[in-house]
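First comes the structure, then the notes that go with it.
Chain naming here is simple, since letters A, B, ... match the order of the sequence lines and numbering starts at 1 in each.
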Number of protein chains: 2
Amino acid sequence: MQRGICFLLDAVMKKYSKQSRMLLAVDCIIFGFDGQELKLLLIQRGFEPRKGEWSLVGGFVNADESADTAAARILSKLSGLDGVYMEQLHTFSAPHRDTVERTVSVAYTALIDIQKLKQQLHEDFHAVWFPINHHPALIFDHQQMVDKAKEVLRYKAALHPLLLELMPAKFTIPQLQQLYESVYHQTFDKGNFSRKILSTKLLVKLTDKDKLSSKKGAYYYKVDRKRYEASKQAALHFMPGDSQ
Amino acid sequence: MQRGICFLLDAVMKKYSKQSRMLLAVDCIIFGFDGQELKLLLIQRGFEPRKGEWSLVGGFVNADESADTAAARILSKLSGLDGVYMEQLHTFSAPHRDTVERTVSVAYTALIDIQKLKQQLHEDFHAVWFPINHHPALIFDHQQMVDKAKEVLRYKAALHPLLLELMPAKFTIPQLQQLYESVYHQTFDKGNFSRKILSTKLLVKLTDKDKLSSKKGAYYYKVDRKRYEASKQAALHFMPGDSQ
DNA sequence: GCAAAAGTGTTCGCTGTACACCCATGG
DNA sequence: CCATGGGTGTACAGCGAACACTTTTGC
């Protein structure tokens with residue numbers, strides 16, 4: 001009888017120690033665009049460990065949800081927004097990436113319209129937008145996550161009209177060009193850029209113009225949601241290989 | 001009985017730290033090419049639960065290793081090969097994807113030269129190559145993993161010379177074309193295909209010919225390893241948009 | 001009227017595509 | 001000598017890149 005119990009405990013111990021259980025977390029690399037350059041949303045940790053240091057927005061996955069669900073929940077809580085573009089990026093699982101206890105993190109890339117984010121909400125979380133290439137040091141392996149997210153963003157945006165997710169409800173072609181130039185660290189010919197974007201038929205021209213940045217003024221456009229959703233399937237060739 | 005104790009421990013652990021702990025596994029979607037069509041390596045489970053059913057090659061991540069390391073270990077043990085092409089695909093974390101207890105799985109795509117795989121080794125694991133579109137039902141969410149892997153393979157192979165990983169040490173252009181046609185379910189113009197592949201300078205022409213499939217014979221080529229490694233960085237436009 | 005930015009027109013070269021054609025050889 | 005698959009030649013269309021040029025309007 002006693003032998004039986006010992007055997008059982010052995011088996012249980014094996015399950016719990018050798019085969020190693022761990023915590024599952026999600027971290028979100030949240031990109032935004034303020035009209036000038038690509039931005040990254042970071043939070044200053046309000047709790048130990050490493051209180052005061054900067055990190056990505058993240059949290060733990062609950063028992064009854066998937067990582068996807070957890071990421072959506074966390075982003076929604078932070079931003080007050082639903083239906084935000086979000087995609088699984090990569091899973092980081094180095095044994096000691098979290099210094100406290102073993103935690104595996106599934107990283108997600110989110111693209112949000114910076115203007116939609118409620119000021120109030122993200123201030124509660126001590127969240128701040130930083131220029132993508134000029135932000136404070138990050139905890140754990142979060143810098144690695146950001147680097148990967150930038151790489152994948154460049155890669156995908158060259159083939160898909162992804163970056164439209166970052167634009168406000170109405171915007172001009174030169175504003176969009178500014179975003180592409182920020183993402184690719186490269187200038188594009190305005191004529192060719194405009195034609196290329198418009199050739200996708202993903203934008204609808206509005207009647208009013210933005211006159212803030214030029215005397216002639218540039219027409220506003222909005223995304224044709226129907227066509228945009230449909231185009232997500234097909235991989236278009238997107239990034240103008242153009243440079244000056 | 002064992003499950004009872006596990007459950008109890010689970011509850012205790014939850015009480016002490018509200019986040020739930022889970023097992024971390026890896027599963028490998030292993031592709032091969034037999035000269036005719038794309039193949040998938042599956043194993044018949046030799047243990048409960050679900051003994052006798054087919055699944056991807058997989059295993060648990062140990063306490064001292066990352067998912068990447070675990071995947072490499074498992075593939076190496078199965079195949080006897082090192083340095084095999086392997087890339088993280090996606091993480092699957094639906095709460096009840098594993099029916100026994102909560103397990104999160106990081107899926108990996110592997111591309112291997114089918115001829116290099118030691119017959120002995122994979123027979124020990126009851127591993128069998130199946131045509132990619134004609135294989136037995138898989139356990140858990142493994143079919144979802146395979147679908148995702150196929151999708152990503154098509155996507156990546158259109159931009160990178162990935163599929164060369166599946167070819168034997170020496171091969172002919174028509175053989176390579178057969179692989180592309182199998183992956184894309186589409187025929188390509190032989191002339192254009194050959195020129196396109198050769199224009200990458202990734203192949204070195206050998207002096208001998210394969211005379212099995214034609215009277216004239218087709219020259220063998222091998223991969224120029226140096227150039228190939230270098231090309232992994234740059235994204236080339238790869239898949240001929242050609243069809244007949 | 002001039003400066004400055006938006007947007008159009010136009011040229012040119014490269015590349016993808018289609019398809020005709022030549023090549024080598026086993027039967 | 002012909003059928004078969006390997007490989008080359010070539011012509012055309014379309015697209016991207018470059019850049020000149022026109023438009024609009026505030027000052």
### Message
Please report the distance, rounded to the nearest Å, between CZ in B:Phe193 and P in D:dG7.
### Response
12 Å
### Nearest-angstrom distance from the residue atom NZ of A:Lys190 to C1' of D:dA18
13 Å
### Task
Select from A:Arg195 and A:Lys211 the residue whose nearest nucleotide in DNA chain D is closer to the 5' end of that strand.
A:Arg195
### Separation of C:dC19 C1' from B:Phe188 CZ (nearest whole Å)
17 Å
### Task
Carefully, step by step, assess A:Lys170 and A:Asp208 under the rule salt bridge (Lys or Arg N to Asp or Glu O under 4.0 Å).
CA-CA 10 Å; A:Lys170 64 180 193 177; A:Asp208 50 337; 2.5 Å; yes
### B:Ser93 (side chain) donor-acceptor with A:Ala67 (main chain) under 3.5 angstrom
yes
### Message
So B:Ser213, base contact, sugar-phosphate only, or nothing? Heavy-atom distance under 4.0 Å.
### Response
sugar-phosphate
### Query
What integer distance in Å separates A:Tyr219:OH from D:dT23:C1'?
11 Å
### Message
Measuring to OP1 and OP2 of C:dG16, would you say a side-chain N or O of B:Lys196 lies under 4.0 angstrom away?
### Response
yes
### Task
Could you check how far CD1 of B:Ile173 sits from P of C:dC23, rounded to whole Å?
21 Å
### Task
Give a yes or no on whether a donor-acceptor pair under 3.5 Å exists between the nucleobase atoms of D:dT24, that is its base, and the side chain of A:Lys215.
no
### Task
Give the intermediate values and the outcome of side chain to side chain donor-acceptor pair (under 3.5 Å) for residues B:Gln175 and B:Tyr221.
CA-CA 10 Å; B:Gln175 280 165 17; B:Tyr221 287 82; over 6 Å; no
### Message
Tell me the interatomic distance from A:Tyr221, atom OH, to C:dA6, atom P, rounded to whole angstroms.
### Response
12 Å
### Message
In this structure, how many angstroms lie between the P atom of C:dA6 and the CG atom of A:Leu206, rounded?
### Response
17 Å
### Message
Between A:Lys209 and A:Gly191, which residue's closest nucleotide on DNA chain D lies nearer the 5′ terminus?
### Response
A:Gly191
### Task
Whole angstrom is fine here: how far is it from NZ in A:Lys205 over to C1' in C:dA6?
10 Å
### Query
Which comes earlier along DNA chain C counting from the 5' end, the contact point of B:Lys216 or that of A:Gln175, where each point is its nearest nucleotide?
A:Gln175
### Task
Answer yes or no: does atom OH of B:Tyr219 have more than 12 heavy-atom neighbours from other residues, nucleotides or ligands under 6.0 Å?
no
### Task
Report the C-alpha separation of B:Leu179 and B:Val183 in whole Å, then their side-chain angles, then the decisive distance to 0.1 Å, and conclude whether the side-chain contact (heavy atoms from CB on, under 4.5 Å) test is met.
CA-CA 6 Å; B:Leu179 172 56; B:Val183 169; 4.0 Å; yes
